[in-house]
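Bear in mind the structure is a predicted one, so any value in this text is a computation, not a measurement. Computed over heavy atoms, backbone and side chain alike; hydrogens, waters and symmetry mates excluded.
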Amino acid sequence: MFSSFSAGPARGRGSARLAAGALVSGLVATAALAGAGTAVADEETAPGHSGAAATVGGLKTYGTAVVHGAAGDQQVSAGLFEMSVEGGGMLQTYCVDIQTPTQKDAKYHETAWSGTSLGVNEDAGRIRWILRNSYPQVNDLAALAKKAGVRGRLTEQDAAAGTQVAIWRYSDDIPVDAVDPQAEQLADYLQKNARNEGEPKASLALDPPAVSGRPGELVGPVTVRTDARSVTVSPPADAATSGVRIVDEDGEPVTTAADGGQIFFEVPEDAAADTVELTAQASTTVPVGRAFVSESRSQTQVLAGSSESTVSAKASATWALEGAIPALAARENCAEGGVDVTVTNQDDEPFTFELAGAEHTVAGGASRTVTVALSEDQPYDFTVKGPGGFEQRFTGMLDCLTRAAEIGTTTHALTGPSPAPVALADTNLAETGSSSATPWIAGTAIALVVLGGAGLVVTRRRNAPSGD
């Protein structure tokens, strides 16, 4: 285990519901505008996820649990995953959505609860309490056992299994028990004592992730949100030729920033219409309770521990000589069952756009958010269209419910796509239920099953009740 892992700071109590989620991994869409208000449609834009990005490395510390269903009992592996962070660092996570398979070597990115099943889960805050009050955040197992009233010795495997079982009871609302008595006693203690805690803030985000303006102006501001002590700010890749600088409100160059700091794009007066992007990067521990999702339909994870890890975020700036200057951003909003598309218009004149078969207008100097209603677990593909050929396309898959919530807890054992079995003897990823190639063996296999957290992609690419 990682003895250096620690919890990030809490952020107070959350609201009763998450009416609108945070930006899906900082995903941004912008379009460059040409002179005379004519928009030039952007080509496919790569996603710019905020926070940590990591690759799942396997289920490392775990025990066994039993899921009770109408068709019989199913044994599953229950415990801690490890992930390696791009740029350096390691994460420990537990999973939610017990019935969705994990994909081998899946790529994950940090995101807000709102884009996952946690965004519509009234017990999400209790899950965070469990994460902050059990293993590995509490790594004195003797003390944890005493506090939980566990009779007998509590091993790392027992602690991990008991913690995961308690999480599943809140994340999936299913009847599940740990096989080991000590793990089961811990799970019962955690479930009974869990209290509501607020959602942790992002390890690093830039707000807003897209801005627009005129040449010769300071375009922004973009505000840094982070727990890191300092953030390194890198200018656009073509800054030397475009002349665009990253500065503060006084026009002084910015290479580093802190939480709450505001940065601007300084665009030369003679610059042709264009869009550029800056990158912010830091090293910090990711706050416990942050969600991690994959775009390859792999199980959603919640953070249990973090080493010092590399986190990053991007923000873009668009400018035009004249006409409307829209900046577009999109986020998945599970509370509303769709994707929020926010269009900000920095021009004095209104900007009219078409989305989902309807026409919308944003007044000059204003912004407007339109929610596109979508079907659960179904791919979506829609385009924002504006005057002069302006287009920006969004694709992805909305995944806001656990499979148990979709199909009902009384039939979960045998309904839906078949999860994979687990060979309990070994701990490598392929043998701990992460492979989706092997069929489920009912009643006897040890299965680890997990979520498809496909986030919102710009092509080329449940909170808790009040505490007791």
Any residue meeting side chain to side chain contact (heavy atoms under 4.5 Å, CB included) with Ala271, in chain and number order, not counting sequence neighbours: Val267, Pro268, Trp319
Spacing of Glu82 atom CD and Thr55 atom OG1 [to the nearest 0.5 Å]: 13.5 Å
Residues Lys201, Arg225; criterion side-chain contact (heavy atoms from CB on, under 4.5 Å); working and verdict: CA-CA 8 Å; Lys201 61 183 179 181; Arg225 309 292 187 192; over 6 Å; no
4.5 Å side-chain heavy-atom contact, Phe264 and Val254: no
Trace of the side-chain contact (heavy atoms from CB on, under 4.5 Å) decision for Ile127 with Ser171: CA-CA 7 Å; Ile127 292 173; Ser171 67; 3.7 Å; yes
Gln262 vs Val222, side-chain contact (heavy atoms from CB on, under 4.5 Å): CA-CA, chis, key distance, verdict: CA-CA 5 Å; Gln262 293 190 324; Val222 173; over 6 Å; no
Closest non-hydrogen atom pair between Leu303 and Val286, with its separation: CD2-O, 3.0 Å
Salt-bridge present (Lys385, Glu354; N to O < 4.0 Å): no
Under 3.5 Å: donor-acceptor pair, side chain of Thr163, backbone of Ala161: no
Presence of salt bridge, Asp381 and Arg393, under 4.0 angstrom: yes
CA sep, side-chain torsions, deciding dist, call: Gln103, Ser294, side-chain contact (heavy atoms from CB on, under 4.5 Å): CA-CA 9 Å; Gln103 302 300 321; Ser294 171; over 6 Å; no
Validation row: Phe353, Val370 side chains within 4.5 angstrom (heavy atoms): yes
Donor-acceptor pair, side chain of Thr310 and main chain of Gly87, under 3.5 angstrom: yes
Any Val96 side-chain heavy atom under 4.5 Å of Tyr170 side chain: no
Ile263 side, atom CD1; Asp248 side, atom CG - distance, nearest 0.5 Å: 10.5 Å
Side chain to side chain donor-acceptor pair (under 3.5 Å) against Gln191, all qualifying residues, sequence neighbours excluded: Arg169
Minimum side-chain heavy-atom gap Tyr94-Leu131 below 4.5 Å: yes
Audit row: Gln301, Thr93, side chain to side chain donor-acceptor pair (under 3.5 Å) steps and yes/no: CA-CA 6 Å; Gln301 308 279 323; Thr93 61; 2.7 Å; yes
Heavy-atom check, side chain of Thr284 versus side chain of Leu204, under 4.5 Å: no
Spacing of OG belonging to Ser212 relative to CG belonging to Asn345, to within rounding of 0.5 Å: 7.0 Å
Donor-acceptor under 3.5 Å (Arg126 side chain, Ala194 main chain): yes
Residue pair Met83 / Tyr108, side-chain heavy-atom distance below 4.5 Å: yes
Residues in side chain to side chain contact (heavy atoms under 4.5 Å, CB included) contact with Arg214, at least two apart in sequence or another chain: Glu217, Ala320, Glu322, Ile325, Asp347
Chi angles and distances behind the ring-ring contact (aromatic ring centres under 6.0 Å, His included) call for Phe351, Phe390: CA-CA 11 Å; Phe351 174 69; Phe390 176 95; 5.5 Å; yes
Check: Thr226 main-chain N/O paired with Asp259 side-chain donor or acceptor under 3.5 Å: yes
Under 3.5 Å donor-acceptor, Glu199 side chain and Trp113 backbone: yes
Rounded distance (nearest 0.5 Å) linking atom NZ of Lys314 with atom OG of Ser234: 8.5 Å
Residues Arg132, Glu197: salt bridge by 4.0 Å N-O rule: yes
Side-chain donor/acceptor of Gln392 to backbone N/O of Leu328, under 3.5 Å: no
Heavy-atom donor-acceptor pair, Ser309 side chain to Gly89 backbone, under 3.5 Å: no
Pair Phe81 and Tyr62, ring centroids less than 6.0 Å apart: no
Heavy-atom donor-acceptor pair, Gln137 side chain to Ala304 backbone, under 3.5 Å: yes
Min side-chain heavy-atom separation Leu206-Thr223 under 4.5 Å: no
Interatomic distance, Asp274 atom CG to Ser316 atom OG [nearest 0.5 angstrom]: 11.0 Å
Interatomic distance, Arg290 atom CZ to Ser306 atom OG [nearest 0.5 angstrom]: 12.0 Å
Donor-acceptor under 3.5 Å (Glu110 side chain, Ser203 main chain): yes
Ala315 to Pro208 - nearest heavy-atom pair and separation: CB-O, 4.3 Å
